[in-house]
Protein chains: 2
Amino acid sequence: MIKRTKGVTISQVADAAGVARSSVSRAFTRPDMLSPETVTRIMKAAEALGYVPNHTARALSTGRHGNVGLIVPDIANPFFPPLIQAAQLEADRSDFCIFLGNTEENPKQEDKLVGRFAGQVEGLVLASSRLSDERIRAHAGLLPLVLINRDIDGIPRVLIDSGSGVREAVEHLAQLGHRRIVYVSGPSNSWSNKQRRTAIKAAATRLGIVVETVPAVLASYNSGRQAVGAILATGATAAVAFDDLTAQGVLAGLSEKRVSVPGDFSLIGCDDVLGAVTYPALTSVSNRSTEAGRVAVSLLLDMLQSRAIRDVRYVLETHLVVRNTTTAAR
Amino acid sequence: MIKRTKGVTISQVADAAGVARSSVSRAFTRPDMLSPETVTRIMKAAEALGYVPNHTARALSTGRHGNVGLIVPDIANPFFPPLIQAAQLEADRSDFCIFLGNTEENPKQEDKLVGRFAGQVEGLVLASSRLSDERIRAHAGLLPLVLINRDIDGIPRVLIDSGSGVREAVEHLAQLGHRRIVYVSGPSNSWSNKQRRTAIKAAATRLGIVVETVPAVLASYNSGRQAVGAILATGATAAVAFDDLTAQGVLAGLSEKRVSVPGDFSLIGCDDVLGAVTYPALTSVSNRSTEAGRVAVSLLLDMLQSRAIRDVRYVLETHLVVRNTTTAAR
DNA sequence: ACTTGACATGCAACCGGTTGCATGGAAATC
DNA sequence: GATTTCCATGCAACCGGTTGCATGTCAAGT
């Protein structure tokens, strides 16, 4: 059976070192206020007793617990893990811990999580929030908030501009001689989907090529797979998909129909989450989710330190990553 | 500019309701101790002021902060997100929050995270820990701990037995007439890898079929892809890969060499993390990571409530999920 | 020698709750 | 009507730190 050691308190250390509690506290937080000898004496005593400052007590009196929250709609979506990882790394650099929340795409759950976190974190990062603008504003009134991929005036935000990458994608296809392309769209209520479709249309118009939209119905992979019939029916020679998973579905669907990629058809994904593991390796638009996570946390920590809210709008441009699913039109 | 409301304290509510602080506290934690009228009066006052109990203060005096920690080696590994999600869901059911830690496969980082978490969580779940047995034992002495995929006597643990599924995989191949198969191995220091290789050898011997091991060198996907030459050189007609990513690499490698799957070669993955998005859809061994996450948290919460440590060893069996990458040997 | 100042340390209040015990009044018992 | 019992509530200590202010000491300044 394992016995659990009860915590050593600051008073015990103080007694052992023959000083007041406040001196022990200062030895840990502001050693410059004490004489070097006292500090070493206290440290030695603390060491001997195995003293570790109580995080909760410290948080109570200082109001800073050294935690920030990060809320994402779906951990299982490959877009988020790199973002989470980067956020954690950045927080770590300043000795902050990350509280992670997963909302399952559910605004109710998101609201609940924000409330639950509010008391234990100094600030919050909301990634691709599903909440209404009003709710977000309300929360922002209670604690420092940074948004990722959500554009609300007055609240610091980090936006990934897939438009720039998508534009490059269309230019790339145009250069290869494709005159008729398809956009395989994603969820209609998605901010990113709108952004991407708009960018494609604009670029295509400018370059004088035709673009048709094939809507997605099911979840991304299957949606892409099922869309292949409609895609081929348009007579297009290339497609840009809403995201990599959709693209992967299209790839499978084309393979089933014996349409070779890139020989007979060129395909481009978005978000580059597959890390080139498809065959052939998918040409895609980079996602910058890593930077987004890092920047968001860094912004948040800045706010915490300066106790001020600046109206920051940090935009991350994306680019086309050319691999093996695009080639010249026949 | 957004103004931040400073917290409403229990004293303010007490004043507003004309009662003592203790009564307000009881109204929230043990309303049965108060007369119903008093409770409603207090609640009304609290509501009006927008009072929310201070989590930190409560944690300090009760010693329970309602958080549990979850530490994983790599969020980006698709094995973990479902586990995390399930853990979070289970914690939520008991009004607990999850602290997530990512160690980047680094024992030092893991040690650091455990220490950092220790003060703020009531218990910890370590998934696929990279720490030594001694370190884990040491931590278990300080706070309640549950392990996932790590088998240490005396510490509650949840183990995913991929052996059972791998056995089914070999039986499946034998039934299809394969007499010579390959195991494409994973990281040599991995518990799962050892478990899988052992299970395959045992099953193969029992069924009288030959199994050779082709070692992995690089990270899973590329490793699988590069291993194809060695795999084909053995003259085997089927392979079981350490995990799905490796299998996906093998699939790509085979495709490059114009070996058709399953026509010319049968392939089975492990962990079933790809959700049937490969083409052809990969036959794989289920992973049960969702249950593992759920059970681990549930076990931990039990420990917290009963304040006792039972020597639990919870084993989850896996099974073969047959899809389209396996067929009869030529 | 006397004041002044700097510096090291201690005292005690405070952060915002929880909880064991005391108290007072009403209801129940005799 | 006096005594016991019970229940609702208040008092005050406590959780384990932090921090403004007071105090005492010693060296420098005049």
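The sequence lines fix the lettering, A, B, ..., with proteins before strands; numbering per chain opens at 1. On a predicted model such as this, the values are computed, not experimentally measured, just so you know.
- Contact annotation for B:V19: backbone-only contact, meaning every heavy-atom pair under 4.0 Å involves sugar-phosphate atoms and none involves a base.
- With hydrogens and angles ignored, no donor-acceptor pair under 3.5 angstrom links the side chain of A:R26 to the base of D:dG17.
- Counting heavy atoms from C-beta on, the side chains of A:V68 and A:V125 never come closer than 4.5 Å.
- The distance from atom CZ of A:R30 to atom P of D:dC21 is 14 Å, rounded to the nearest whole Å.
- Counting all heavy atoms, side chain and backbone alike, A:F80 lies closest to A:D74 at CD1-O, 3.2 Å.
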Item checked: Full working for side-chain contact (heavy atoms from CB on, under 4.5 Å) between A:Q85 and B:E104 -> CA-CA 9 Å; A:Q85 205 161 333; B:E104 320 257 319; 3.2 Å; yes
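- Contact of the B:V13 side chain with the B:I42 side chain is registered, since non-hydrogen atoms from C-beta on lie closer than 4.5 Å.
- Proximity of B:L301 to B:R93: side-chain heavy atoms (C-beta onward) are nowhere separated by under 4.5 Å.
- Put simply, the side chain of B:V24 does not reach to within 4.5 Å of the side chain of B:Q12, judged on heavy atoms.
- Between B:S25 and the phosphate of C:dT18, there is a side-chain N or O to OP1/OP2 separation shorter than 4.0 Å.
- With A:I98 as reference, A:L70 is the one residue of A:L70, A:N67, A:V121 to meet the side-chain contact (heavy atoms from CB on, under 4.5 Å) rule.
- Going from atom CZ of A:R64 over to atom C1' of C:dC15 covers 15 Å, rounded to whole Å.
- The base of D:dC15 is not paired with the side chain of A:T9 by any donor and acceptor separated by under 3.5 Å.
- When rounded to the nearest whole Å, the span between CD1 of B:I10 and C1' of C:dC14 equals 16 Å.
- Contact of the A:D111 side chain with the A:H139 side chain is registered, since non-hydrogen atoms from C-beta on lie closer than 4.5 Å.
- The shortest distance between side-chain heavy atoms of B:R150 and B:D133 falls below 4.5 Å.
- Residues B:D92 and B:L89 have side chains not in contact (no heavy-atom distance under 4.5 Å, counting atoms from C-beta outward).
- With rounding to whole Å, B:L60 atom CG is found 14 Å from C:dT19 atom C1'.
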Enumerate the protein-to-nucleotides 22-28 of chain D contacts in which both atoms are nitrogen or oxygen and the separation is below 3.5 Å.
none

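- A:D15 has its CG atom 14 Å from the C1' atom of C:dG10, to the nearest Å.
- Using a 4.0 Å heavy-atom cutoff across all strands shown, B:S23 reaches sugar-phosphate atoms only and no base atom.
- The shortest heavy-atom contact between A:P81 and B:A76 is CB-CA, 3.8 Å.
- For the helix from C:dA1-D:dT30 to C:dC30-D:dG1, the angle separating the two terminal helix axes comes to 50°, with each axis derived from five pairs and the value rounded to 10°.
- Counting to the nearest Å, the P atom of C:dG16 and the NE2 atom of B:H65 are 18 Å from each other.
- Residues A:I136 and A:L145 approach most closely at O-CD2, 3.7 Å, considering heavy atoms.
- Side-chain atoms of A:R21 and base atoms of C:dG10 include no donor and acceptor less than 3.5 Å apart.
- For the segment residues 32-59 of chain A, the set of residues with a heavy atom within less than 4.0 Å of an atom of DNA chain C comprises A:M33, A:L34, A:S35, A:T38, in numerical order.
- Contact annotation for B:S11: no contact, since no heavy-atom pair falls under 4.0 Å across all strands.
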